[in-house]
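Below, chain A is the first sequence line, B the second, and so on; all start at residue 1.
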There are 2 protein chains.
Amino acid sequence: MDALTRYLEQQLQLPQEEAHALLRHWQKPKTLKRGGFLTRQGQVENHLYYIQEGTMGIFYDIEENEQVVGFGYADTLICSFPSFIRNYPSDYYIQALSTTELIGIARSDFYRLLGEYSRIEHLWLQMLEEALLGRIEREIDLLTVSPRERIQRLLNRSPHIFQLIPNKYIASYLRMTPETLSRNMK
Amino acid sequence: MDALTRYLEQQLQLPQEEAHALLRHWQKPKTLKRGGFLTRQGQVENHLYYIQEGTMGIFYDIEENEQVVGFGYADTLICSFPSFIRNYPSDYYIQALSTTELIGIARSDFYRLLGEYSRIEHLWLQMLEEALLGRIEREIDLLTVSPRERIQRLLNRSPHIFQLIPNKYIASYLRMTPETLSRNMK
DNA sequence: GTGAAACCTTGATCTCAATCAAGGATTACA
DNA sequence: TGTAATCCTTGATTGAGATCAAGGTTTCAC
């Protein structure tokens with residue numbers, strides 16, 4: 001049983017029939033080297049990806065600076081959601097931070113399956129709820145004034161990120177410079 | 001035809017049958033004076049509310065300070081979503097910024113209707129998608145460094161907020177002091 | 001294994017928004 | 001309509017994090 005099957009059936013609790021229906025449409029693996037783009041700015045995101053191995057960063061250019069807005073790592077889904085959902089060109093770009101292997105499912109297949117299998121639709125609804133709650137938590141993190149406190153919150157919520165991702169990206173994600181992160185980690 | 005019916009059928013494009021099913025469970029109006037609480041910290045949010053008239057603020061205490069994280073006004077839904085969805089005590093509190101009239105639907109009724117009417121479930125899914133995209137946009141706003149730029153983004157996206165809500169709340173929402181907002185509005 | 005690139009740390013300086021303060025304008029409601 | 005409370009504005013000062021700079025360390029690819 002491969003990682004995606006395990007993810008769908010065990011982690012997401014999807015019944016076999018639905019898991020199989022999804023798996024049939026998942027495409028052949030894609031490998032990216034560090035620095036390689038999964039999605040570029042201006043490009044429409046036509047796939048939802050599952051990361052089999054590696055680490056990725058989601059970026060957005062704010063006021064001419066590259067800002068990190070999220071990470072991806074093994075056993076998580078990744079894509080430019082606004083672009084995937086709205087079928088618009090993406091403002092975000094997604095890059096491999098280390099060699100990464102992914103598989104994707106096309107938007108058209110995905111939304112068709114939502115219509116065909118109410119359990120998949122229900123699962124997607126629950127995932128959207130979770131994603132929304134995650135964003136709401138993230139908002140509090142960003143509103144927190146003290147850099148030290150922002151670091152602490154991330155350490156509590158996602159300690160593994162500090163093992164996986166270079167600090168300079170984490171600093172950007174936490175709305176501070178690498179210097180400030182360094183000075184507040186001790 | 002009242003405002004909620006219009007909202008469900010026209011704005012949300014819900015068929016009559018489903019709109020009626022929802023409407024039956026919507027409870028009698030509730031009026032709050034300026035400063036009155038819709039939801040308190042620590043209280044479980046058991047209802048989803050529709051604002052018929054007035055303005056509301058969603059607050060969160062960060063590092064002992066009251067932080068505004070959102071607004072509500074006529075013809076929008078409001079509640080402490082994390083609490084409503086997860087059935088946990090709310091970290092947020094919701095207060096009327098002016099005299100406000102609302103009607104609510106109980107969580108249990110709401111989720112039962114989701115199960116009974118796939119069109120309602122589908123609509124809720126779409127609303128969650130929209131809410132998620134809204135949060136993602138909001139994240140970029142918060143990551144923007146320059147206060148002037150943050151103000152500009154809100155002015156572009158939601159100019160009506162500046163008509164409805166006192167500037168001091170908007171300042172907090174934009175992660176700045178009222179002084180900074182004032183100095184950067186001209 | 002080795003060299004080059006990427007990353008982290010520490011120090012010195014600077015900048016811009018927060019804070020403190022006070023007067024004036026609006027708003028709410030009795 | 002009067003009056004108190006709330007809100008907005010402007011000025012002066014302060015402080016925390018950004019920036020600039022440079023040395024040392026780790027990581028990665030070949």
Side-chain angles (χ1 to χ4, degrees), chain A residues 31-36 53-57 59 61-68 71 73 95-101 141-155 161-186, chain B residues 31-36 53-57 59 61-68 71 73 95-101 141-155 161-186:
Chain A
T31 301
L32 289 173
K33 282 197 200 166
R34 163 211 187 71
E53 210 193 327
T55 49
M56 309 218 60
F59 300 87
D61 286 338
I62 297 181
E63 294 163 318
E64 274 121 72
N65 287 317
E66 176 175 278
Q67 171 69 50
V68 176
F71 301 110
Y73 35 85
Q95 232 176 335
L97 304 182
S98 61
T99 303
T100 299
E101 195 168 301
D141 296 350
L142 286 178
L143 285 166
T144 297
V145 175
S146 144
R148 180 158 242 129
E149 196 58 38
R150 294 205 293 281
I151 296 167
Q152 206 52 54
R153 290 180 63 97
L154 185 61
L155 271 169
I161 287 196
F162 290 85
Q163 300 336 111
L164 293 170
I165 310 277
N167 283 357
K168 68 166 189 166
Y169 298 113
I170 296 179
S172 169
Y173 180 72
L174 289 176
R175 190 168 57 80
M176 68 186 70
T177 59
E179 291 92 331
T180 299
L181 177 60
S182 172
R183 288 190 236 269
N184 287 282
M185 289 275 288
K186 311 180 291 246
Chain B
T31 301
L32 290 172
K33 280 197 205 167
R34 163 210 185 72
E53 209 193 327
T55 49
M56 310 219 59
F59 300 88
D61 286 338
I62 296 180
E63 294 163 318
E64 275 121 71
N65 286 318
E66 177 175 277
Q67 170 70 51
V68 176
F71 301 110
Y73 34 86
Q95 231 175 338
L97 303 182
S98 61
T99 304
T100 299
E101 194 168 302
D141 295 350
L142 286 178
L143 286 166
T144 297
V145 175
S146 144
R148 179 157 243 130
E149 195 59 36
R150 294 206 293 283
I151 295 167
Q152 206 51 55
R153 290 180 62 97
L154 185 61
L155 271 170
I161 288 197
F162 289 84
Q163 300 336 111
L164 292 170
I165 311 277
N167 283 356
K168 67 166 190 165
Y169 297 112
I170 296 179
S172 169
Y173 180 72
L174 289 176
R175 189 168 57 77
M176 68 186 68
T177 59
E179 291 92 331
T180 299
L181 178 60
S182 171
R183 287 191 237 268
N184 287 282
M185 288 274 288
K186 315 180 288 248

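The distance from atom NZ of B/Lys168 to atom C1' of C/dA25 is 16 Å, rounded to the nearest whole Å. At whole-Å resolution of the value, CG in B/Leu181 and C1' in C/dA17 are 13 Å apart. Distance CE (A/Met185) to P (C/dC7): 16 Å, rounded to an integer number of Å. Remark: C1' of C/dT26 and CG of B/Asn167 are 12 Å apart, rounded to the nearest angstrom. Here the P atom of nucleotide C/dC7 and the CD atom of A/Gln163 are 17 Å apart, to the nearest Å. Rounded to an integer number of Å, the gap from CD1 of B/Ile170 to P of D/dT9 is 11 Å. Atom-to-atom, OH of B/Tyr169 to P of D/dC8 comes out at 9 Å; the value is rounded to the nearest Å. Across the protein-nucleic acid pair, B/Ile62 atom CD1 and C/dA18 atom P stand 14 Å apart, rounded to whole Å.
Phosphate proximity of C/dT9 to A/Lys186: absent, as no side-chain N or O sits under 4.0 Å from OP1 or OP2.
The aromatic rings of A/Tyr173 and A/Phe71 sit tilted, their planes meeting at an angle between 30° and 60°.
Taking the P atoms as reference points, D/dC8 lies 16 Å from C/dC29, given to the whole Å. Between the P atoms of C/dT9 and D/dC28, the separation comes to 16 Å (whole Å). Here, C/dT13 and D/dG24 have their C1' atoms 22 Å apart, quoted to the whole Å.
We find the CD-CE distance between B/Gln152 and B/Met185 to be 9.5 Å, quoted to the nearest 0.5 Å. With rounding to the nearest 0.5 angstrom, the CG atom of B/Asn184 is 7.0 Å from the CE atom of B/Met176.
Atom CD of B/Glu53 has 12 or fewer neighbouring heavy atoms from other residues, nucleotides or ligands inside a 6.0 Å radius.
For the pair B/Glu63 and A/Thr144, the tightest heavy-atom approach, listed with the atom from each and the gap, is OE2-CG2, 3.4 Å. A/Ser172 and A/Gln67 get closest at one heavy-atom pair: O-NE2, 2.5 Å. Considering every non-hydrogen atom in both A/Arg175 and B/Arg175, the closest pair reads NH1-NH1, 3.0 Å.
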Whether each nucleotide of nucleotides 11-30 of chain D has a protein heavy atom under 4.0 Å at its base (B), only at its sugar-phosphate (S) or at neither (-) is summarised, 5' to 3', as BB----SSBBB---------
